[in-house]
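To keep things clear, I will list the structure first and then write my remarks on it.
Below, chain A is the first sequence line, B the second, and so on; all start at residue 1.
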Amino acid sequence: MSLRIFILGLFASFGVAWLAILIAPSVAMSRLAPLEFSEAVDGKTGVFYPKRTGRIQDGAKVYAANGCYQCHTQIIRPTYAGNDMYRADWAGLKADPDRGDTRRETNAYDFSGERFAQIGVMRLGPDLSNIGRRVESIYAVGTSPELWLYKHLYDPRRLPERFMSGCPSYQFLFVEKPVKGNRSTDALPFGDDPSKQVSPSPEAKALVSYLMSLKKDQPVPAALNFGPPKKEAK
Amino acid sequence: MTTSSATGPDQDALLRVGIDRSLRHPVMFFLTSGAAWLAVSMVLAIIGSTKVHWPSFLNDYGWLTYGRVAPAHINALIYGWGFQAAFAVIIWLMARLSRKTCTNAGTLLAAGHVWNLVVMLGVIGILAGYGTGIPWLEFPVFAWPVLLATFIVITMGAFIQFRVRPEGHTYISQWYLLAAIIWFPWIFASANLLLHVFPSHPVMAAGVAAWYKSALIFLFFTPVALAAAFYLAPKVTGRPVFSYSLAQLGFWSLAVIAPWAGMQKLAGAPITYWIPMMGAAATVLLAVPLFASGLNLLKTVMSDTQTLSSSPALRFMTAGVVAMLLLGFAAVFLNLPGSTLQLTQFSLSNYGFEILALYGFFGLVTFGAIYFIVPRVTRREWISSRLIKIHFLFSAYGIVTVALVALFGGLQQGIGEESWQLPWQAAASRAYPYAVATTITWCFLLFSNIFYFIHLTLMWVGLGRRSSHPTLLLKPHHSGSVHGEEGDIDNAGPGHAAAH
């Protein structure tokens, strides 16, 4: 076998796969067309566009730089690929007072505004696809969901039911300063010492804003709805 | 194993000495700086892994948070140690097999310094909180073009040596070296371009990153390790490779199958359904090249069990090949869609599998090559067979532990993750013992490599034994000398091959 044929073999064996699973899908997915609701099936019209509010780009950077993806995923797999849909609060809410069962799979439109979908490496901690929804509707009912997240990031083992949490504390994302005159407006109600105050750093604010934007349980067009049939909310 | 008819054995030996001498400084530079990065990476691994089961450990410093230490560890391991060990093997092996003296040692050294500088800035960047958050590509974005250019500069010489080599046989090792030299820049450039320059879709970007991990293991580290193994096995035993056609099957099946693997980690993600399934199928099929090459190499070394038990190079290499067979088994066992894939997809078994590939297979085979190469380039023999034995023994303990994490830990954790009726804490509790086992793995590996570092440093500063007896692990029965038979100028151990 001559060198030319050998090199040709290397290029061909690699190149076919490279085109098929890297280049072609990249081109196809960069042109992902918006999905429309169908009047007949969905009962409404318009384009499906999961709305996200918050500091998504900065927050995603903080999420990435501090390696949240090492322990947390952001994917609700369809039932053929895993049991994520069945967990009561991962895929949405099992019994939302207004909307009933909001659980659904993750779709390609859920990552709008981000450059890299943090599917995640491992699940040492729970999935975060709907952490914003969970904090708002389950963990921090009646209080500020942002404050709940700040407290959690500051000390994940603060609540007695979370004493086993393996999450690191992110105290380095907070700033502790002495109080001079009035307390800072963004100081958190932490600690017993009235002469000191703890405020979130800009990174912590971006991260919490990003986490609050993770609410991937909006209704999807029937074309995207592969979940098991849901019982009507009673 | 043919000797060129134009030169006699003496000129041949002189040529080999000339090649070794021309490569002394680049090879030793890559090996020692690689060893330093291995040490850094192992310390970071122990810190990171301890944090998994003891979250408040060293918790006061942002730069030591788990989410920064873990990527810093794996990137230091891959780019600091793995690549530099691979560079040493590539440049030395290609020069020897192409029978060409190295003429660009200065360029290699300069490029090597650039590589180390970028790896250092990259690791510091990750720890300082500038990581990209893309698994295995966490170095801040400035790093990749420099790494790519440096890689090309370092391996270009090997490619040219192959082109201008004297007419003759092309060795199996040369196929693998050429493949690694050609595939890696392609993989690295396309992954980084798709991630940073021509972004497609966030989910596709995650797919590219998953593919990159697999491609780096199976299309760069695997070919380099197999090149070393297919050189050492016949060279040290003095027997020909068991089957040439099996070697061809091993090579071309790897070339055809491996580029498709990797995206099974996106099973269930919003991406075209067949892509993860194709990745799972390809990863399972990777058992074919791994078993074909493994069988071939084991058959070759088993033809001379006496040498196998006494040669450090052969013992490390064979242990690496056994780890490769285990890796082939794990590739099948952990990636079956509909049964094990959903359990292992987000579990410790990914990390276990990666360490089994990077340290168990690539690492041990490369250590075998290092134990063979260093005495030749430094013109000194290894000082103590006991240091080599401890290095081997504790590396083997570490690999067995990490294989347990990969094969059972991931499944245990996955079963907990999938048990949706139980609280989430059940999954974390199932992972706990295997997280402890990962820490133990790195303690074994750090302990074992302390002996390697000491030994390599002594060799580097020129304190190796001045002897023509190679350092063997067993005392031969037939010789009065503890160091074996009197060798020729190119000690290859007892029964060494005819020169080539």
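For B/A255, the parts lying under 4.5 angstrom from a heavy atom of chain A are both the backbone and the side chain. Neither the backbone nor the side chain of B/A282 comes within contact range of chain A; no heavy atom of the residue lies under 4.5 Å from a heavy atom of that chain. With a 4.5 angstrom heavy-atom cutoff, B/L194 touches chain A only via side-chain atoms. Residue B/W54 does not touch chain A at all, counting heavy-atom pairs closer than 4.5 Å. When heavy atoms are compared at a cutoff of 4.5 Å, B/Y432 does not approach chain A at all. The part of B/S419 that comes within reach of chain A is its backbone (N, CA, C, O), which places non-hydrogen atoms under 4.5 angstrom from that chain. In this structure, the portions of B/E417 lying under 4.5 Å from any heavy atom of chain A include both its backbone and its side chain. Neither the backbone nor the side chain of A/V62 comes within contact range of chain B, judged by heavy atoms closer than 4.5 Å. Using a 4.5 Å cut-off between heavy atoms, A/L10 touches chain B through backbone and side chain atoms alike. Looking at B/I74, there are no atoms closer than 4.5 Å to chain A (heavy atoms on both sides), in backbone or side chain. Residue B/L343: no heavy atom, backbone or side chain, is found under 4.5 Å from chain A. For A/T73, the part lying near chain B is the side chain, with the backbone staying farther off; criterion is any non-hydrogen pair under 4.5 Å. Using a 4.5 Å cut-off between heavy atoms, A/C71 contacts chain B through its side chain alone, with no backbone atom that close. Heavy atoms closer than 4.5 Å to chain A are found nowhere in B/Q421, neither backbone nor side chain. Residue contact with chain A, scored on non-hydrogen atoms closer than 4.5 Å, involves the side chain of B/L219 exclusively. Contacts between B/W424 and chain A at a heavy-atom distance below 4.5 Å involve backbone atoms as well as side-chain atoms.
By number of non-hydrogen pairs under 4.5 angstrom with chain A, the leading residue of B/A205, B/G125, B/G131 is B/A205. In terms of heavy-atom pairs under 4.5 angstrom with chain A, the leader among B/G129, B/G416, B/P259, B/A128 is B/P259. Contact count against chain A (heavy-atom pairs under 4.5 Å) is highest for B/Q413 among B/K51, B/H53, B/K265, B/Q413. Comparing A/I75, A/L173, A/D127 by heavy-atom pairs within less than 4.5 Å of chain B, the highest count is held by A/I75. Among A/M122, A/R31, A/E114, the residue with the largest count of heavy-atom pairs under 4.5 Å with chain B is A/M122. No other option in B/P71, B/G279, B/A70 has as many heavy-atom pairs under 4.5 Å with chain A as B/P71. The residue among A/K61, A/R115, A/Q171, A/Q118 with the most heavy atom pairs within less than 4.5 Å of chain B is A/R115. Across A/S165, A/A64, A/A88, the residue that shares the most heavy-atom pairs under 4.5 angstrom with chain B is A/A64. The choice from A/A65, A/G67, A/A17 that makes the most heavy-atom pairs within less than 4.5 Å of chain B is A/A17. The greatest number of non-hydrogen atom pairs below 4.5 Å with chain B, out of A/L124, A/I119, A/I76, is found for A/L124.
Remark: side-chain polar atoms of B/S214 are not paired, donor with acceptor, to backbone N or O of B/A210 under 3.5 angstrom. At distances below 3.5 Å, at least one donor-acceptor pair connects side-chain atoms of A/Q218 with backbone N or O atoms of A/K215. No donor-acceptor pair closer than 3.5 Å links the side chain of A/S209 to the backbone N or O of A/G59.
Close placement of the A/F6 and B/F251 rings is indicated, their centers lying within 6.0 Å of each other. For A/Y69 and A/F116, the ring centers are positioned 6.0 Å apart or more.
Ring planes of A/H152 and A/W148: parallel class, angle under 30° (limits at 30 and 60°). The aromatic rings of B/F188 and B/Y212 sit tilted relative to each other, their planes meeting at an angle between 30° and 60°. Taking the six-membered ring where the residue is Trp, B/W186 and A/F11 present tilted rings, their angle falling between 30° and 60°.
Taken from CG in B/N75 to CD1 in B/I126, the straight-line distance is 4.0 Å, to the nearest 0.5 Å. Distance check: A/K177 NZ to A/K196 NZ gives 14.0 Å after rounding to the nearest 0.5 Å.
Side-chain contact annotation: B/S98 with B/Q174, donor-acceptor N/O pair under 3.5 Å present.
Contact annotation: the side chain of B/L336 never approaches that of B/L341 to less than 4.5 Å [non-hydrogen atoms, C-beta and beyond].
Of the candidates A/K216, A/R123, A/R103, A/R123 is the only one forming a salt bridge (charged side-chain N to carboxylate O under 4.0 Å, His left out) with A/D84.
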- Dump the intermediate steps for side chain to side chain donor-acceptor pair (under 3.5 Å) on A/D155 and A/S169, then the final yes or no. CA-CA 5 Å; A/D155 182 4; A/S169 150; 5.8 Å; no
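Residues B/A406 and B/G352 come closest through the heavy atom pair CB-C, 3.5 Å.
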